[in-house]
Amino acid sequence: MKKPPSFFDCEPIDGAPGWYSWDLKDDTRFNAVVMGELRVRQEGERARLRMMPERKHTNLQDMIHGAVTLSLIDIALFSGMHMLRESDAGMAVTLELSTQFIGAGKVDQPLDAVVEVMRETGRLMFLRGEVVQGSNDEHLVAAFSGMVRKASAPKTSPAAAK
């Protein structure tokens with residue numbers, strides 16, 4: 001696996017073969033403050049991003065808040081880019097995200113976003129996937145597709161080019 005951007009912690013998780021952490025090193029950023037610890041693994045042509053829901057992730061019906069599900073999906077686009085295409089996910093940006101909510105997420109089970117790359121061009125990556133729960137992904141929470149603009153190559157100044 002390609003080394004992640006320097007601002008990510010992507011290390012193997014002890015006792016969980018195939019799983020890696022997917023956490024920002026800066027714990028004051030959105031991912032850390034709202035989402036908590038995340039983990040990722042590659043499953044053939046798909047990547048799975050997992051979070052462990054807590055009470056703070058629920059709505060007034062004690063189900064996973066839709067904004068948490070959307071956040072997990074958005075982060076999964078980037079972890080999927082990294083795991084499946086070894087693309088620099090750190091400075092890429094989401095251009096489009098379409099989501100269909102299908103079932104309510106349960107707080108007492110891991111919440112997984114499973115993503116696959118549909119197509120990749122020089123500047124864009126098209127992905128799709130599902131948010132699922134259950135040991136066999138039997139509970140479908142949402143389906144999604146997204147388009148990500150890959151990070152631009154670092155710009156060199158005219159002075160540096162000489």
Side-chain angles (χ1 to χ4, degrees), residues 1-54 57 64-101 105 109-137 140-156:
M1 176 174 57
K2 178 183 173 186
K3 184 178 179 188
S6 62
F7 40 84
F8 272 97
D9 171 23
C10 188
E11 300 293 330
I13 297 174
D14 288 338
W19 286 100
Y20 293 83
S21 58
W22 188 259
D23 300 315
L24 290 176
K25 290 181 179 178
D26 181 350
D27 64 4
T28 66
R29 302 281 183 177
F30 178 87
N31 291 23
V33 172
V34 176
M35 302 301 288
E37 293 182 10
L38 300 171
R39 53 179 57 187
V40 65
R41 74 176 177 198
Q42 184 170 348
E43 300 174 344
E45 295 297 314
R46 303 181 325 162
R48 180 178 300 261
L49 179 68
R50 173 170 286 174
M51 70 171 291
M52 303 306 281
E54 301 173 31
H57 298 121
I64 303 299
H65 196 288
V68 172
T69 302
L70 288 168
S71 297
L72 183 70
I73 291 168
D74 188 60
I75 298 166
L77 297 176
F78 297 90
S79 63
M81 286 176 63
H82 179 75
M83 296 299 288
L84 299 171
R85 293 291 192 268
E86 296 190 356
S87 184
D88 182 5
M91 301 308 283
V93 296
T94 305
L95 295 179
E96 182 178 306
L97 179 59
S98 175
T99 305
Q100 300 77 45
F101 290 97
Q109 297 179 24
L111 188 66
D112 294 351
V114 183
V115 62
E116 63 183 322
V117 175
M118 300 307 300
R119 183 165 187 235
E120 181 176 7
T121 68
R123 301 289 295 146
L124 302 174
M125 194 168 295
F126 301 85
L127 304 104
R128 73 175 176 192
E130 298 176 337
V131 177
V132 294
Q133 289 183 303
S135 58
N136 295 310
D137 298 343
L140 182 59
V141 176
F144 63 89
S145 62
M147 179 173 47
V148 175
R149 184 169 191 257
K150 295 188 253 180
S152 299
K155 295 182 181 180
T156 58

Carefully, step by step, assess Phe144 and Val131 under the rule side chain to side chain contact (heavy atoms under 4.5 Å, CB included).
CA-CA 8 Å; Phe144 63 89; Val131 177; 4.2 Å; yes
Close side-chain approach of [X] and [Y], heavy atoms under 4.5 Å:
| X | Y | answer |
| --- | --- | --- |
| Leu127 | Met118 | no |
| Val117 | Phe126 | no |
| Arg48 | Trp19 | yes |
| His57 | Met51 | yes |
| Val93 | Val148 | no |
| Val115 | Leu49 | no |
| Val141 | Thr69 | yes |
| Met35 | Ser71 | yes |

I'd like to know whether Leu77 forms a side chain to side chain contact (heavy atoms under 4.5 Å, CB included) with Leu97, so could you lay out the CA-CA distance, the side-chain angles of the two residues, the decisive distance to 0.1 Å, and finally the verdict.
CA-CA 10 Å; Leu77 297 176; Leu97 179 59; 4.2 Å; yes
Nearest heavy-atom pair of [X] and [Y]: which atoms, and what distance?
| X | Y | value |
| --- | --- | --- |
| Gln133 | Pro110 | CG-O, 3.2 Å |
| Gly134 | Gln109 | N-OE1, 3.3 Å |
| Ala113 | Ala76 | CB-CB, 3.6 Å |
| Gly44 | Leu84 | O-CD2, 4.0 Å |

Side chains of Ser98 and Glu96 only: does a donor on one sit below 3.5 Å from an acceptor on the other?
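Distance-only check fails for Ser98 and Glu96.
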Tell me if a side-chain donor or acceptor on His82 pairs with a main-chain N or O of Ser79 at a distance below 3.5 Å.
no
Counting only N and O atoms by type, is there a donor-acceptor contact under 3.5 Å from the side chain of Ser21 to the main-chain atoms of Glu11?
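It does hold such a pair.
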Nearest 0.5 Å, please: how far is [atom2] in [Y] from [atom1] in [X]?
| X | Y | atom1 | atom2 | value |
| --- | --- | --- | --- | --- |
| Ile13 | Arg50 | CD1 | CZ | 10.0 Å |
| Arg39 | Asp23 | CZ | CG | 9.5 Å |
| Ile64 | Leu111 | CD1 | CG | 6.0 Å |
| Ile73 | Glu130 | CD1 | CD | 10.5 Å |

For the pair Arg46 and Asp112, find out whether any cationic side-chain nitrogen is under 4.0 Å from an anionic carboxylate oxygen.
no
List the steps and the verdict of side chain to side chain contact (heavy atoms under 4.5 Å, CB included) for Met147 and Leu124.
CA-CA 7 Å; Met147 179 173 47; Leu124 302 174; 4.0 Å; yes
Does atom CD of Gln100 have more than 12 heavy-atom neighbours, drawn from other residues, nucleotides or ligands, at distances under 6.0 Å?
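Enclosed: over 12 neighbouring heavy atoms sit under 6.0 Å from CD of Gln100.
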Given the rule in the salt bridge (Lys or Arg N to Asp or Glu O under 4.0 Å) test, do Glu43 and Arg41 qualify, once you have shown the distances and angles that lead to the verdict?
CA-CA 6 Å; Glu43 300 174 344; Arg41 74 176 177 198; 2.7 Å; yes
Return each pair, listed once, that meets side-chain hydrogen bond (donor to acceptor under 3.5 Å, both in side chains) where at least one residue sits in residues 114-125; pairs must be two or more places apart or across chains.
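side-chain hydrogen bond (donor to acceptor under 3.5 Å, both in side chains) check on residues 114-125 returns Arg85-Glu120, Glu116-Arg128, Glu120-Lys150, Arg123-Ser152.
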